[in-house]
Amino acid sequence: MVTRVLIADDDGVVRDVVRRYLERDGLEVSIAHDGTEALRLLGSQRIDVAVLDVMMPGPDGLSLCRSLRHRGDNGGYSVPVILLTALGEEEDRIAGLEAGADDYLTKPFSPRELALRVRSVLRRSPAPSSVLPIDIRSGDLTVSTASRAVTIGDRPVSLTNREFDLLLFFLTHTDTVFTREDLLRQVWHWDFGDLSTVTVHVKRLRSKLGERHRVQTVWGRGYMWASDRAASGRADADG
């Protein structure tokens, strides 16, 4: 199947340079000059990754990202999103992540770095045919590695690709504390980057899973997921 990337940016130079890099990597590219055109393409084509400018005219990148996440929450296909922003402040980057973006880059950026980020997001897109059909359970939480589906009891939980990867990592590395640097390397596969990326994704994951299923904060050290047996042992000790 052809892999198609949507580039939505009102800067013609950015669109052209990024398009050439992605096409050189063997990807097909659809171009949108503003948010309205991006919305039309998202509704008429199968888009595998959307690269959206935060400040473009029409529906901006944040609005489009929220719309795509809402589509996924209601049972539709949620397109992975990389946001492009000229805003370098931490709160602006966090706003993008909280809107549900899988990744972001601050302008000016290296087109080659963007191409690598696109490949990284694609590697984390659902690919049932290449994954063993294993279900992982923690209490009434069930994670299917094949379909990348998460349920709590009978209730489906909609996660972005990054959120799913983070949850799966914790469930397969229980009772171990990981720093934010550890998680950035082992889940995002970045040797360096903004640590607030990890913080925001943990926050979103906690919000979606609810109080009964939480990534625990180990103050001054990092995060961990306690296995059912460890959690039960602590409850007995507390009692």
Side-chain angles (χ1 to χ4, degrees), residues 42 46-50 62-83 94-104 120-178 180 183-184 186-189 196-218 222-232 235:
L42 286 164
R46 169 73 183 201
I47 301 297
D48 297 288
V49 180
L62 288 175
S63 299
L64 286 174
C65 186
R66 292 189 187 101
S67 177
L68 289 170
R69 291 297 167 254
H70 179 72
R71 178 195 299 181
D73 290 344
N74 284 279
Y77 173 69
S78 186
V79 179
V81 172
I82 299 175
L83 291 177
I94 290 175
L97 293 170
E98 290 185 333
D102 295 86
D103 205 345
Y104 67 88
S120 176
V121 168
L122 284 170
R123 285 197 299 271
R124 285 159 177 76
S125 295
S129 62
S130 63
V131 181
L132 291 175
I134 298 172
D135 286 348
I136 299 174
R137 292 181 174 85
S138 176
D140 61 349
L141 172 71
T142 302
V143 175
S144 171
T145 59
S147 62
R148 295 176 70 88
V150 178
T151 57
I152 296 178
D154 295 328
R155 176 176 66 88
V157 180
S158 179
L159 301 181
T160 67
N161 287 326
R162 293 290 192 189
E163 290 163 359
F164 181 91
D165 291 337
L166 185 60
L167 174 60
L168 185 60
F169 180 84
F170 277 121
L171 289 175
T172 53
H173 298 81
T174 59
D175 305 322
T176 303
V177 179
F178 295 95
R180 292 189 299 171
L183 295 171
L184 203 63
Q186 297 188 59
V187 179
W188 276 257
H189 300 285
S196 64
T197 298
V198 176
T199 306
V200 171
H201 277 77
V202 168
K203 176 183 175 182
R204 286 175 56 84
L205 191 58
R206 284 172 169 167
S207 175
K208 291 183 178 183
L209 296 181
E211 290 296 326
R212 290 187 59 194
H213 305 282
R214 292 180 64 85
V215 179
Q216 299 181 7
T217 297
V218 181
Y223 303 108
M224 69 172 288
W225 187 287
S227 64
D228 294 337
R229 182 171 57 185
S232 175

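The shortest heavy-atom contact between Arg155 and Leu209 is NH2-O, 4.3 Å. Taking each heavy atom of Pro156 and Asp154 in turn, the nearest pair found is CD-O, 3.4 Å. Nearest heavy atom pair, residue Asn161 against residue Pro80, reads ND2-CG, 3.3 Å. Shortest non-hydrogen contact noted between Cys65 and Gly100 is SG-C, 3.6 Å.
Ion pairing of Glu98 with Arg204 is absent here, as no side-chain N (NZ or NE/NH1/NH2) approaches a carboxylate O to less than 4.0 Å. Under the 4.0 Å criterion applied to side-chain N and carboxylate O atoms, Arg206 and Glu211 are not assigned as salt-bridge partners.
Partners of Asp103 according to the salt bridge (charged side-chain N to carboxylate O under 4.0 Å, His left out) rule, which considers only residues two or more places apart in sequence or in another chain, are Arg117, Arg162.
In this structure, Thr199 and Arg180 have side chains that are in contact, with non-hydrogen atoms separated by less than 4.5 Å. In this structure the side chain of Val79 never reaches within 4.5 angstrom of the side chain of Val49, judged on heavy atoms. When side chains are defined from C-beta on, Trp225 does not count as touching Asp175, because their heavy atoms never get closer than 4.5 Å. Residues Arg148 and Asp165 have side chains in contact (heavy-atom distance under 4.5 Å, counting atoms from C-beta outward). Put simply, the side chain of Leu83 reaches to within 4.5 Å of the side chain of Val81, judged on heavy atoms. For the pair Tyr223 and Leu183, the minimum side-chain heavy-atom distance is below 4.5 Å. Using a 4.5 Å cut-off on side-chain heavy atoms (C-beta onward), His201 and Trp188 make contact.
Atoms CG and OG1, from Leu141 and Thr151 in turn, are 7.0 Å apart once rounded to the nearest 0.5 Å. Atom OG of Ser196 sits about 6.5 Å away from atom CG of Leu97, to the nearest 0.5 Å. The CG atom of Leu168 lies 10.0 Å from the OG atom of Ser144; values are rounded to the nearest 0.5 Å. Atom CG of Leu171 and atom OG1 of Thr142 lie 10.0 Å apart (nearest 0.5 Å). Annotation: the span from Phe164 atom CZ to Ser158 atom OG amounts to 12.0 Å, rounded to 0.5 Å. Atoms CG and CZ, from Leu205 and Phe170 in turn, are 8.0 Å apart once rounded to the nearest 0.5 Å.
For the side-chain contact (heavy atoms from CB on, under 4.5 Å) criterion with Val143, the lone passing option out of Leu159, Val157, Val150 is Val150.
Ring-plane geometry between His173 and Phe178 is classed as perpendicular, the angle between the planes exceeding 60 degrees on a 0 to 90 degree scale with a lower cut at 30.
Using modelled atom types, one side-chain atom of Thr160 and one backbone atom of Glu163 make a donor-acceptor pair closer than 3.5 Å.
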Stepwise side-chain contact (heavy atoms from CB on, under 4.5 Å) test for Val177 and Gln216: CA-CA 9 Å; Val177 179; Gln216 299 181 7; over 6 Å; no
